[in-house]
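A note on names: the letters A, B, ... follow the listed sequences, proteins ahead of strands, and every chain is numbered from 1.
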Amino acid sequence: MPELPEVETTRRKIEPLLKGRVIERIEHDAPHKYRNTEAAHGKRIKALTRRGKYLLLQLASADAEGDVPHELELIVHLGMTGGFRLEQGKHTRVTLHTDDGVLHFDDSRRFGKWAVVDPGEYASMPTLAAMGPEPLEEAFTEAAFVKAAATCGAVKVWLLSQKPVSGVGNIYADESLWLARIHPAQTKLNPAEAGRLYHAIREVMQGAVNAGGSSLGNGVGNYRQHDGLSGLFQHQHHAYGRENQPCERCGTEIRKIVLGQRGTHFCPQCQKLRE
DNA sequence: AACTTACCCTGAAAGC
DNA sequence: TGCTTTCAGGGTAAGT
């Protein structure tokens with residue numbers, strides 16, 4: 001499932017295909033999921049950025065002579081199974097026609113969403129509007145994180161809210177908590193715990209970005225890069241998807257529970273719930 | 001305001 | 001074998 005590292009990998013891969021191109025047409029048959037896309041027709045893609053798990057395509061008038069170019073933002077969320085492909089497939093939901101070719105958006109489970117909005121107008125996407133700082137940027141500070149964590153509820157649910165930090169999803173929440181040796185249901189982290197978690201999140205996210213994200217093909221998710229290549233970070237998972245396998249630190253079997261309606265993997269020995 | 005729950009959606013896997 | 005049920009989960013809205 002695409003989290004920050006997978007979305008960032010996607011951004012880097014499609015940037016050379018789309019930057020500077022003019023969108024001729026965005027073709028789909030689900031206006032409820034891909035909103036206002038006709039507003040992007042005829043616009044030039046100036047830049048491709050990312051915020052948390054959202055891709056943001058900055059659009060400007062294709063006509064450089066225009067005195068007041070109307071700038072727009074094309075927001076793409078990959079959902080659970082969304083991704084770009086060079087070839088049309090069985091689950092192609094959107095086709096992006098540019099002056100240089102086509103790119104297809106595949107999304108078997110249809111959780112992905114697109115929308116064209118005025119720049120920064122995220123009222124229709126409350127999670128994006130309330131997004132916390134990027135984990136790999138300076139705005140994500142240990143001091144603020146430690147302070148906020150002191151009053152948090154179940155720490156994994158809190159992380160998944162995207163408010164303390166952006167881009168952390170189910171896989172990287174489990175991995176970060178394993179690395180920091182904190183129980184996923186722990187509330188009100190003390191400063192030592194919160195400090196460990198802060199550094200764990202940065203380490204896990206940086207490692208995953210460097211590896212090109214995680215690819216899971218066995219029914220857990222189907223993230224792939226647009227050219228069909230896999231990321232490699234799944235080989236570095238220590239908790240996620242390792243139910244009943246020995247913890248690589250202590251040998252205790254990894255347990256799986258449900259927390260916040262998400263499968264949650266942790267080591268009951270290394271990650272004890274503290275009262 | 002913060003937390004909990006249901007829902008969206010479909011393919012793979014498990015169950016029968 | 002083939003049908004039915006369960007499971008996976010990011011984000012959103014409604015309910016508490």
Under 4.0 Å between any heavy atoms, over every strand shown, what does [X] touch: base, sugar-phosphate, or nothing? Just pick one.
X	answer
A:Lys33	sugar-phosphate
A:Gly263	sugar-phosphate
A:Arg110	sugar-phosphate
A:Lys156	nothing
A:Lys113	nothing

Does CZ in A:Arg50 sit with more than 12 non-hydrogen atoms of other residues, nucleotides or ligands closer than 6.0 Å?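 More than 12 within 6.0 Å, yes.
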Quick one: is [X] getting a side-chain N or O under 4.0 Å of the [N] phosphate, OP1 or OP2?
X	N	answer
A:Tyr240	C:dG9	yes
A:His91	B:dG11	yes
A:Gln261	C:dG9	no

Salt-bridge contact A:Arg12-A:Glu15 (side-chain N to carboxylate O under 4.0 Å):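 Salt bridge absent between A:Arg12 and A:Glu15.
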Taking salt bridge (Lys or Arg N to Asp or Glu O under 4.0 Å) as the cut-off, I'd like each qualifying pair that reaches into residues 260-269 of chain A, sequence neighbours left out, listed once.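 Listed once each, the pairs would be none.
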Of all the choices, [options], which nucleotide is nearest to the side chain of [X] once you look at every atom?
X	options	answer
A:Arg109	C:dT12, C:dG10, B:dG11	B:dG11
A:Arg93	C:dG10, B:dT10, C:dT12	B:dT10
A:Pro126	C:dT12, C:dG10, C:dG11	C:dT12

Select from A:Arg262 and A:Gly153 the residue whose nearest nucleotide in DNA chain B is closer to the 5' end of that strand.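 Nearest nucleotide further toward 5': that of A:Gly153.
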Considering heavy-atom distances to DNA chain B, does A:Lys163 or A:Gly260 have its closest nucleotide positioned more toward the 5' end?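 Nearest nucleotide further toward 5': that of A:Lys163.
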Taking the six-membered ring for Trp, does A:Phe111 stack with C:dG11 (centroid gap under 5.5 Å, planes within less than 30°)?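 No, the aromatic ring of A:Phe111 does not stack with the base.
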Can you measure A:Met131 atom CE to C:dG10 atom P for me and round it to whole angstrom units?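 Taking atom P of C:dG10 as the reference, CE of A:Met131 is at 13 Å.
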Output the distance between atom NE2 (A:His104) and atom CZ (A:Arg93), rounded to the nearest 0.5 Å.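 Those atoms lie 14.0 Å apart.
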Consider only side-chain N and O atoms of A:Gln58 and A:Thr49, and report whether a donor and an acceptor are under 3.5 Å apart.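 Yes, A:Thr49 and A:Gln58 have a side-chain donor paired with an acceptor closer than 3.5 Å.
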